Each structure stands twice: as C-alpha cells, then as structure tokens.
There are 2 protein chains.
Amino acid sequence: MPTVSSEELAAAAGVNSAKLRKDFSYLGSYGTRGVGYDVEYLVYQISRELGLTQDWPVVIVGIGNLGAALANYGGFASRGFRVAALIDADPAMAGRPVAGIPVQHTDELESIIRDNGVSIGVIATPAGAAQQVCDRLVAAGVTSILNFAPTVLSVPDGVDVRKVDLSIELQILAFHEQRKAGEEAAADTAAVPAAPRKQSATDQGPDGDVPAVMPA
Amino acid sequence: MPTVSSEELAAAAGVNSAKLRKDFSYLGSYGTRGVGYDVEYLVYQISRELGLTQDWPVVIVGIGNLGAALANYGGFASRGFRVAALIDADPAMAGRPVAGIPVQHTDELESIIRDNGVSIGVIATPAGAAQQVCDRLVAAGVTSILNFAPTVLSVPDGVDVRKVDLSIELQILAFHEQRKAGEEAAADTAAVPAAPRKQSATDQGPDGDVPAVMPA
DNA sequence: CAATCTTTGTGCACGCGTTCACAAAGACAT
DNA sequence: ATGTCTTTGTGAACGCGTGCACAAAGATTG
C-alpha cells in the first residue's frame, strides 16, 4: 500500500506539515499513525470533498475565440466537467461543430438547461450581452456562473458568480516587474495631477514594503 | 475639486473604512482631514503604484483560440499593456493578422524580445511546447511569464511565473454548488477505495464547515 | 479669529489562523 | 507479548491582520 507522510507532502508543496495535517483532519481521520496517509484513499477523499467525483454538466455561452478555447480546453473533462452544450447568438454558427460539439442557437438556451439539468453556466460573450445571457441562465435554473465578460453581473441571492479577468494576472506581474526594476525608471509621460495643496512628509513616491492593497 | 471619503469608498467596496484608510496610508498621506481624498489625485497615485501608468510591451506566444482571444481582449490596452508581437510556431500562420497584428514565426522570438524591450511574456501554447518557449523567452531577457498552458514551468531565480488554470474557478463554483445541494445527492458511481483498515469516529462523510484547504 | 464640525491617520486590542510541541496511536521488530 | 519507533491529530501559544476608537488636522462657519 503506497503511502505518504504529511512531512513529505508538506515539503513537496512548500507548506507547514502541521497545517497540512490540520487541514486534512477537517475531512476526517484518514491517516495512520506511524505510517502516513494511504495515497489512493486520500486522493479519493479529497476529490470527493472538492466535488471532483461528481459529473457537472456545463454550458458555454458565446462561442468566439475565448468560448472556443474553453470548449477545447482539456482540463475540464479530467475534473468532472462535461460540456453539455455550446450556445451562440449568431445563427451562422448554429450547427457548426466546435471541439466536436455542435453549436446551438440562443433560442434553445432554456430547453438545453432544463433537459440537461445544467446548474453551472460559463459566459464568454461580449460585455454587452453578458447581463442578458446571465438573466436567462438564472431564470432557466442555473445557480453558478463563471463570467469571462468584462462586466459586473448582478444576480439574485443564492446564485454564485465568479468573474475571471484575464488582465489581472498580467497586472500583478507588471506590479512585481516594476519593483524588480527599482525606482531607476524614468518619470513617465502621463500628466501628473497636482497634489491637493499641502506637502505631506510621507509624499515621496513608492518606497518601503509592498502595500497591503496588492494581492500576493 | 471632487472628493470621496473613506466611508463612501468603503461602503461601495463592501469593506471596512479603517482598513481602507490604513491601506491608503501605505501609499502616502494623500487625504485631507475633514474633506476626504481628491479623486483625480488618488486615482493617479494608485495607478502609479500598481504600474498602470507605465507602458508594458508584451508578447503572446501560441496563437490558437486562446492566444487569439487574448490578442483581441480589450482590457489589456486600457491597463497599460501593449501587445508588441504575436508569435506562433506554425509557418502557415506567419503574416496573417490577428486583432490587427501580424503573426510572426517563432524563429524571430529572440529578436522581437530584444528590439521591443519586452520583459513580460504570455504563453498560450499547447502544454508540450510551453517549457521550451519559456526557456527561450527567459534566455532572451523576459523576466515575467503568464502561463496559460496546463504545465508547471521551471524557471531560474529572478523570473516570476503566474499560472492561469481556467478550470480552477469552475472547480470553486462546483464546490459551492455541491454544498448548496446539501448531502441529498446520490452516491456517485466512481469506485470507492476501501478505507485502509480502521473505522475512524470522524469518518462520516462531508459535514460541518468549509475546510480550510478550499479557497474562498 | 475662535469655535465647531468633519474626516483622516494610527495606536491599541481583539480574534483568527498558523505553528509549535507533545501525547496518543499504531506499526514493526524482537 | 512487550518495547521501540514513527507519524498522526490536536491543545496551546504565538504572531499578524482587522477593526475599534480617538486625537490631530484642517476646512468651514459665525
């Protein structure tokens, strides 16, 4: 029986072994003292807790470049997600297969959701269409939405929305890049608004540590 | 002069006003007591601290669906990012414009990086090509990499890598969805590995609060 | 100019999460 | 079976971040 100790796992993940054990203990007492954790059993228990052992039918609405990329993305199937349907508002797209799945027209959105028992929807439409699509998804019974459109969606209570902004990660990289470069960078060309009046003692440009407002 | 108070901002963002003021204080003393923060000045200071006032040339490598989606993404330009070049290994792609930018062949990767002073690279290639592309980017002088390929990249010290896994957000939604549904869900069909031996008192399936291992 | 009122900036205390440290559990050797 | 050795599971302490509460600052009014 292949096993791992919390110490090994912690070293591999770069975290504290005690924290790892405490986290595992929330799932139950699956380890064996003096031996460690049975790998296969542990993997199954974590998978189950995370919902990876269930089959989640999802629909992707908006089959542009991004929607097509998502449909082709291999990581979904391996984590229990099944693309139940691809939906697009363009009639010219209807019937055309993307990633082996025929695109269906928006008119059929409601019936697709109901027939497949879909509870998770992915929105990859232009910003302008996102809220409307969102409303229809929710009305048809979807309770979780992954939003790639650059809009804040408003939904009723009980519906979860997660927004993915593809430029945020880039922004974080740029933030660190800026600090790597030090403050040798030339003053930038953008107009600098005048300070409101006073000359604060601490008003001396970026310096010191990473501000708490920035994600790590 | 239009101003905002920390109270107004905190209410809008749904956070504590004291924390917001403390965060702002890391950037310097930009508020005026009795009045609030000068909006224009505050926006500029935050933008500068986050690196939004600089111009960041980036290259996108791998112009498939995802690469094309990124090239077309409007959010980049508005945040100081400029797509300096699109690069693909397929000779058939070379010269073809995507989002108004001609695709260039991988052979030119090094010269593109050097000529444009690119320090941030985006990898949207298949998993198999990612590490090789990464190595070439780093050798050419790139020090920050945004990786959309489903692989863990290894890089020398001093190079930042951020990995974007499009299915992680979906997984988080599924996790919450599972909890919404309660434990009424039928036992799933996957084979359940036998418990190693003992019958633990706490081994009674998911229950209680959200485990600390799960992101919020 | 003095008094008042608003809002910032921050010291301090509280609470939560991480880490330490160890007793209990169980495997394994003798 | 008894003892030793490894590793878990967790109580307790520590440290950090959040939020409270207030003094200081400055605008505004009479």
Side-chain angles (χ1 to χ4, degrees), chain A residues 1-46 49 194-216, chain B residues 1-46 49 194-216:
Chain A
M1 182 180 83
T3 60
V4 265
S5 69
S6 62
E7 206 65 57
E8 292 172 295
L9 281 174
V15 297
N16 183 286
S17 68
K19 175 162 162 46
L20 194 142
R21 287 198 296 279
K22 198 163 269 183
D23 282 351
F24 282 1
S25 77
Y26 282 97
L27 310 178
S29 227
Y30 298 141
T32 305
R33 294 170 191 230
V35 176
Y37 297 89
D38 174 32
V39 172
E40 188 192 2
Y41 193 63
L42 182 63
V43 165
Y44 171 75
Q45 289 297 343
I46 294 176
E49 185 71 18
R197 184 85 57 108
K198 65 160 176 257
Q199 180 70 344
S200 163
T202 52
D203 183 359
Q204 49 187 13
D207 188 274
D209 234 296
V210 177
V213 289
M214 196 65 203
Chain B
M1 182 181 82
T3 61
V4 265
S5 69
S6 62
E7 206 65 60
E8 292 171 293
L9 281 173
V15 298
N16 183 284
S17 67
K19 174 162 164 44
L20 195 143
R21 285 197 299 279
K22 200 164 271 185
D23 282 350
F24 282 1
S25 76
Y26 283 97
L27 310 179
S29 227
Y30 297 142
T32 304
R33 295 173 190 226
V35 176
Y37 298 88
D38 173 31
V39 172
E40 188 192 3
Y41 193 62
L42 182 64
V43 165
Y44 170 74
Q45 289 297 343
I46 294 176
E49 185 72 17
R197 186 83 55 109
K198 64 163 180 248
Q199 180 72 344
S200 162
T202 52
D203 184 359
Q204 48 186 13
D207 188 272
D209 234 297
V210 178
V213 290
M214 197 62 204

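Bear in mind the structure is a predicted one, so any value in this text is a computation, not a measurement. For the numbers below, each heavy atom of this structure counts, side chains included, while hydrogens, waters and symmetry mates do not. Below, chain A is the first sequence line, B the second, and so on; all start at residue 1.
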Spacing of B/Leu27 atom CG relative to C/dT8 atom P, expressed in whole Å: 15 Å
Atom-pair distance (CZ on B/Arg33; C1' on D/dA25), nearest Å: 5 Å
Atom pair CD (A/Glu8) and OG1 (A/Thr3), whose distance is rounded to the nearest 0.5 Å: 7.0 Å
Residue A/Asn16, side-chain atoms from C-beta onward, closest of D/dC20, C/dC20, C/dT8: C/dC20
Length of the OH-P vector between B/Tyr26 and C/dT8, whole Å: 18 Å
Ring centers of A/Tyr41, A/Tyr30 separated by less than 6.0 Å: yes
Distance below 4.0 Å between B/Ser29 side-chain N/O and C/dG9 OP1 or OP2: yes
Value in whole Å for how far the P atom of D/dT8 lies from CG of A/Leu42: 11 Å
Whole-Å gap separating C1' (C/dT8) and OH (B/Tyr30): 15 Å
Distance (rounded to the nearest 0.5 Å) between B/Tyr44 OH and B/Glu49 CD: 11.0 Å
From OH (A/Tyr37) to OG1 (A/Thr32), nearest 0.5 Å: 9.5 Å
From B/Ser6 atom OG to B/Lys19 atom NZ, the distance as rounded to the nearest 0.5 Å: 13.0 Å
Interatomic distance, A/Phe24 CZ vs D/dT8 P [rounded to whole Å]: 10 Å
Contact under 4.0 Å: B/Lys19 side-chain N or O vs D/dG19 OP1/OP2: no
Nucleotide nearest A/Ser5 when distance is taken to its side chain, options C/dA21, D/dT8, C/dG9: D/dT8
Rounded distance (nearest 0.5 Å) linking atom CD of B/Gln45 with atom CG of B/Asp38: 10.0 Å
Give each protein N/O atom lying under 3.5 Å from an N/O atom of nucleotides 11-13 of chain D, with the pair distance.
unit_1 : atom_1 : unit_2  : atom_2 : d
D/dG11 : O6     : A/Lys22 : NZ     : 3.3
D/dA12 : N6     : A/Lys22 : NZ     : 3.2

Contact under 4.0 Å: B/Ser6 side-chain N or O vs C/dT8 OP1/OP2: yes
Phosphate OP1/OP2 of C/dG9: any B/Tyr37 side-chain N/O under 4.0 Å: yes
Length of the CD-P vector between B/Glu8 and C/dT7, whole Å: 8 Å
Given DNA chain D, 5'-ward residue of the pair A/Ala18 and A/Gly34, judged by closest heavy atom: A/Gly34
Atom pair distance, as rounded to whole Å: CG in B/Leu20 and P in D/dG17: 17 Å
Side chains of B/Leu42 and B/Leu9 in contact at under 4.5 Å (non-hydrogen atoms): yes
